[in-house]
Amino acid sequence: MARGSRPNAEMRDRGLLDDRTTFVHCNGISDDQVAMMADAGCSVSISPDVELKMGFGRPETGRMPAAGIRPSLLIDDSPSAGGDMFATMRTAFAVRRGVDGGLTARDVVEFATVDGARACGLDARTGSITVGKDADLILLDAVAAGHPGRQHRGRRIVGAPDTVSAWRR
């Protein structure tokens with residue numbers, strides 16, 4: 001699209017913005033387009049590692065929630081990002097915390113689970129550990145992950161320096 005165009009307005013005018021629409025990345029998108037997405041119930045999927053490595057700009061993990069859009073996380077490009085959701089969660093957390101501290105570990109865990117399920121229209125069936133929902137579970141060793149003690153569970157997962165070895169034992 002040409003610079004200054006408003007593709008979201010065009011999509012809205014054609015009835016294409018709704019809760020089944022997921023936008024990817026959204027770096028540098030204008031505030032009025034973000035508002036259109038939020039008003040329509042759209043979702044956004046963010047790939048922090050790829051966005052930083054490819055020079056797209058800072059991941060929109062602050063602006064989207066502020067507008068009422070809970071983002072999901074994606075890998076996007078496995079050769080570039082490595083295909084590790086734990087690393088993606090750590091990047092999302094570290095970048096936002098470095099900017100304004102406005103993101104919690106719990107937020108990031110939700111971006112990777114229930115918000116991802118919601119973006120795919122599957123939140124009634126999966127995305128949280130709830131009776132009657134489908135779930136694939138992994139067990140993490142908090143000590144091997146480098147975070148023994150009584151920290152919040154989300155902080156242990158997102159802040160762990162080596163989560164991969166904690167679940168591959």
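We number each residue from 1, following the sequence as shown. Given the structure is predicted, the values throughout are model-derived calculations rather than measurements.
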Asks: Answer whether the closest heavy-atom distance between the side chains of D76 and H25 falls below 4.5 Å.
Replies: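 Yes, their side chains come closer than 4.5 Å.
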Asks: Taking the side chain as everything from C-beta on, heavy atoms only, tell me whether F23 gets closer than 4.5 Å to P71.
Replies: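 F23 vs P71: side chains apart.
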Asks: Between E51 and V24, does the side chain to side chain contact (heavy atoms under 4.5 Å, CB included) criterion hold? Intermediate values first, please.
Replies: CA-CA 10 Å; E51 291 165 12; V24 178; 5.8 Å; no
Asks: Any side-chain heavy-atom pair from I46 and S72 closer than 4.5 angstrom?
Replies: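 Not in contact.
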Asks: Do any N or O atoms from the side chain of T104 and from the backbone of D107 form a donor-acceptor pair under 3.5 angstrom?
Replies: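 Judged by distance alone, yes, a pair lies under 3.5 Å.
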Asks: Would you say the side chain of L73 lies within less than 4.5 Å of the side chain of V108, judging by non-hydrogen atoms?
Replies: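 Side chain of V108 against side chain of L73, heavy atoms only: contact under 4.5 Å found.
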Asks: Under a 4.5 Å side-chain heavy-atom rule over Ile, Leu, Val, Met, Phe, Trp and Tyr, are M64 and M11 clustered together?
Replies: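 Cluster IDs for M64 and M11 match.
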Asks: Working note: I129 + L137, criterion side chain to side chain contact (heavy atoms under 4.5 Å, CB included); need CA distance, chi angles, decisive distance, verdict.
Replies: CA-CA 9 Å; I129 303 171; L137 303 175; 3.8 Å; yes
Asks: May I ask you to decide whether D49 forms a salt bridge with K53, counting only side-chain N to carboxylate O separations under 4.0 Å?
Replies: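 No.
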Asks: For the CZ atom of R12 and the CE atom of M37, what is their distance to the nearest 0.5 Å?
Replies: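 If I round to the nearest 0.5 Å, the distance is 13.0 Å.
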Asks: Counting N and O atoms only, with roles assigned by atom type, does the side chain of T126 sit under 3.5 Å from a partner on the main chain of L122, one being a donor and the other an acceptor?
Replies: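 A pair under 3.5 Å: no.
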Asks: I69, L17: one ILVMFWY side-chain cluster at the under-4.5 Å cut-off?
Replies: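 Result: yes, single cluster for both.
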Asks: Determine, for R118 against D19, whether the closest basic-nitrogen to carboxylate-oxygen distance falls under 4.0 angstrom.
Replies: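 Not counted as a salt bridge, because no side-chain N and carboxylate O are separated by less than 4.0 Å.
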Asks: Could you check whether any side-chain N or O of R97 sits under 3.5 Å from a backbone N or O of L103, counting only pairs where one atom can act as donor and the other as acceptor?
Replies: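 Yes; at least one donor-acceptor contact below 3.5 Å.
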Asks: Is there a path of hydrophobic side-chain contacts, each under 4.5 Å between heavy atoms of I/L/V/M/F/W/Y residues, joining M85 to F93?
Replies: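 Yes, one cluster joins them.
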Asks: Is the shortest heavy-atom distance from the side chain of Q33 to the side chain of P7 under 4.5 Å?
Replies: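 A side-chain contact under 4.5 Å exists here.
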Asks: Between D18 (side chain) and G41 (backbone), is there a donor-acceptor pair under 3.5 Å?
Replies: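 Not confirmed, D18 side chain does not pair with G41 backbone.
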Asks: Side chains of L52 and V95, heavy atoms from C-beta outward: is any pair under 4.5 Å?
Replies: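 Yes, their side chains come closer than 4.5 Å.
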Asks: Any heavy-atom pair between the side chains of R125 and K133 that's under 4.5 Å?
Replies: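 No, too far: nothing below the 4.5 Å cut-off.
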Asks: Can you get from L16 to M36 by hopping between Ile, Leu, Val, Met, Phe, Trp and Tyr side chains that sit under 4.5 Å apart?
Replies: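 Same cluster: L16 reaches M36 through Ile, Leu, Val, Met, Phe, Trp or Tyr contacts under 4.5 Å.
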Asks: Let me check something: do V109 and F86 share a hydrophobic cluster, defined by ILVMFWY side-chain heavy atoms less than 4.5 Å apart, either directly or through other members?
Replies: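 Same cluster: V109 reaches F86 through Ile, Leu, Val, Met, Phe, Trp or Tyr contacts under 4.5 Å.
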Asks: Counting distance only, does the side-chain N/O of R63 pair as donor-acceptor with the main-chain N or O of I29 below 3.5 Å?
Replies: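 Here the side-chain-to-backbone pair exists.
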